Amino acid sequence: MTDIREFIRAASGHGAKASLAVRGGRLVNVVSEEIYKADIAILGDRIIAVGDITDHIGPQTEIIDASGKYLCPGMIDGHLHVECSKLSITSFAKAVVPLGTTSIVTGLDQIIVVGGPTAAREFLDEARQTPLKVFWGAPCKTPYTMPRSTVGHYFGPKDHLATHHWPECVGIWETVREFIQEEDADVLKAIEIAEASRLPLLGCCPMTRGARLDAYQQARVRADHESYTPEEMLEKLRAGMHVVVRESSISHFLSDNLRIVTEMGVKALRRISFCTDDVVASDILARGHLDNMVRMAIAMGISPMAAIQMATINGADALRIDDKVGSLSPGRAADILLVNDLRDFRIEAVIAKGALVARDGKMAVELVAPPRSEALLHSIKVAPVKPEEICVPFAGTGDSADVLAIAVTPEKIFVRTRRDVTLPVKDGGIRADIGQDVQYVTVVERYGKTHNRPVAFTSGFGLKAGAMASSTAPDDNNIICIGTNADDMAVAINHLIANQGGQVVVRDGKVLEFLHLPVGGIVADIDPQAMAEKEQRLDDAVRSLGCDLPWPFMYMFVLQITAIPDYAITDLGVVDCVNLKVISPLAGAAAAGNGIEAAA
């Protein structure tokens, strides 16, 4: 890292000459909302001058000819669970940097629940060796589940005290509404520590309006990325929040959310920014990343300048990192996009951390992942599952039982509703019924802390045979499995245990497809194209079993998220996400005597 004195002297014209210069382009100034001809001088990873840079050019200065191009700031993803891509930081950089994303903000919460702050530190150190800047939000606590599920590491106040000084730390990540509502002691303490550290709170309050929003805002949350309607987003904007529009692989909110601009007359566009939250390689390669969001916004009638601001300076402002990134200004990061046409917004070249790193959608430099710690390569510490464990016992009389099935629909992936069904009983156990589209679902605690392996029912997946399982499954990354029969489910789960993580599809006792995710059981060091091809084969294998959901594995693994209504399943069992309690999958009298409240 160049010393600040060198930057000061170089910028004043009395020190080192520029290491790189971009000349002949038209600068998109997202701060003053102007477009004009300007050259850019760079020293190391920082912009030292913008405009006439003649005095900064030396014999060793590398020149990039940007004639006829627009110069835009590198884009910032304001909220991203990077591990949910199943790509390591190095692999993820390969996917998004050529598309113009040069900064992301992430909590690394998924690797933290596996290996704690040490694992997060490994990922942040890895990011330093890539062109991708990773800003980190310390999770308000882990896991986010209520009641608290079992994980490898519980991130709490002591961790906040130990990590807020990290240079990448920019705020408190995923300040879940339920934690504020229930006055969770650990989260309130984290907020107190954040105030002392002068770190903003980054929210997570889906479907929060009225008095609940008023109560939530007593925590002074700065930004939120969870608006399910434009009306909800407008209410949050009026409540003082920066609102972050999400367009993920599975949650498509941009077109609806931005109606607050195109139909509802909101003028405060500088309080609106972009994020992708959860994306997978196949979607990135097919649609793009933040560049796709810019194109979508422009297609809705939003000006190119405003759309680019939403992908750059607006997010930097929301996160209080605009002194580092977000604009092409002296002292800011040398993250520059060369674009031919602002309306079409296709990235021709990417400069990141002061170097030309991508051209024409491809990396121009080689990225190599670092060696992995043994702790992350051996994170699954659980004995194999026996088929007879995958059962919902029935102590009642009769040949059928009333149960609650956790239902999913293609329309709203994160929203899991209740479906009441009557299922057959045989040999003392309630059986799944493919005729009613009801499958078994189980979560296997994989950290070796308990023997929790609850079994319940789910609906909407359409499986007619076989099983599917995943060890990457936010918010706790315990192994989740859905299937039509216990034998195939046991094969799927045990394959993940034996291989230290991944995603798998099984039929008739045979593995049809397997994606190995050896790093923490949740990510892999493979190229995005290889990951996309593997994702496609996995999805094809699941569809051969009868599933017609658009993203089968993502629909499955979000079943463990309790922060969104109505029902979920964790290693504790079925969770009523409204009343925040574990309930039996059996209804009424059938649940009597099991020690858990019935699904009334």
Side-chain angles (χ1 to χ4, degrees), residues 30-31 72-85 89 92-93 96-97 99-110 127 132-140 168-176 199-206 221-228 232-233 236-237 240-249 251-254 257-258 260-261 268-279 284 288-294 296-297 302 306-327 332-333 335 337 352:
V30 293
V31 177
C72 300
M75 292 183 286
I76 306 162
D77 192 323
H79 185 97
L80 173 69
H81 296 272
V82 64
E83 306 99 313
C84 289
S85 70
I89 294 289
F92 191 78
V96 301
V97 169
L99 301 174
T101 301
T102 55
S103 296
I104 64 172
V105 184
T106 182
L108 296 178
D109 38 15
Q110 303 309 307
L132 184 67
K133 287 182 182 62
V134 176
F135 294 98
W136 179 64
C140 66
E168 299 92 349
C169 189
V170 296
I172 307 304
W173 179 261
E174 294 279 25
T175 308
V176 177
L199 292 176
L201 303 188
L202 311 176
C204 177
C205 59
V221 173
R222 183 170 176 84
D224 177 72
H225 68 288
E226 290 272 9
S227 293
Y228 276 50
E232 178 187 348
M233 177 170 279
K236 289 174 179 176
L237 184 66
M241 288 182 171
H242 289 260
V243 289
V244 189
V245 174
R246 176 173 64 188
E247 180 70 16
S248 76
S249 295
S251 300
H252 305 295
F253 287 114
L254 183 143
N257 282 173
L258 285 184
I260 69 170
V261 176
L269 273 61
R270 285 292 299 274
R271 302 281 287 196
I272 304 171
S273 57
F274 288 159
C275 80
T276 60
D277 203 359
D278 302 301
V279 286
I284 294 170
H289 193 233
L290 294 175
D291 59 321
N292 173 59
M293 297 185 72
V294 171
M296 290 178 69
I302 291 172
I308 294 167
Q309 286 175 316
M310 291 176 187
T312 58
I313 191 63
N314 294 10
D317 284 344
L319 294 155
R320 295 180 181 164
I321 55 175
D322 55 300
D323 58 326
K324 298 178 178 66
V325 293
S327 65
R332 272 61 171 186
D335 298 339
L337 312 182

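Keep in mind that this is a model prediction, so the values were computed, not measured.
Residues C205 and K236 are in side-chain contact: their nearest non-hydrogen atoms beyond the backbone lie under 4.5 Å apart. E247 places none of its side-chain heavy atoms less than 4.5 Å from the side chain of N257. Side-chain atoms of E168 and V134, non-hydrogen and from C-beta on, never get closer than 4.5 Å to each other. Looking at heavy atoms from C-beta onward, R246 lies in side-chain contact with Y228 at the 4.5 angstrom threshold. Counting heavy atoms from C-beta on, the side chains of F92 and L80 come closer than 4.5 Å.
Among all heavy-atom pairs drawn from R270 and V30, the shortest one is NH1-O, 3.9 Å. Closest of all the heavy-atom pairs between F274 and L258 is CE2-CD1, 4.4 Å. Nearest heavy atoms, A223 versus V244: CB-CG2, 4.3 Å.
Side-chain contact check for E226 and H79: no donor-acceptor pair (N or O, by modelled atom type) lies under 3.5 Å. When only modelled atom types and interatomic distance are considered, T101 and D77 share no side-chain donor-acceptor pair under 3.5 Å.
For D322, the side-chain contact (heavy atoms from CB on, under 4.5 Å) partners at least two apart in sequence or on another chain are I313, A316, D317. Under the side-chain contact (heavy atoms from CB on, under 4.5 Å) criterion, L99 pairs with I284, H289, D291, sequence neighbours left out. Taking the side-chain hydrogen bond (donor to acceptor under 3.5 Å, both in side chains) definition, one finds that R222 meets it with nothing, sequence neighbours left out.
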Step by step, would you call V294 with M310 a side-chain contact (heavy atoms from CB on, under 4.5 Å)? CA-CA 8 Å; V294 171; M310 291 176 187; over 6 Å; no
Might you work through the side-chain contact (heavy atoms from CB on, under 4.5 Å) test for C84 and Q110, ending with a clear yes or no? CA-CA 8 Å; C84 289; Q110 303 309 307; 4.3 Å; yes
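Within the model, atoms CG of D335 and NZ of K324 stand 13.0 Å from one another, a figure rounded to the nearest 0.5 Å. In this structure, the separation between NE2 on H242 and CD1 on I272 is 11.5 Å, given to the nearest 0.5 Å.
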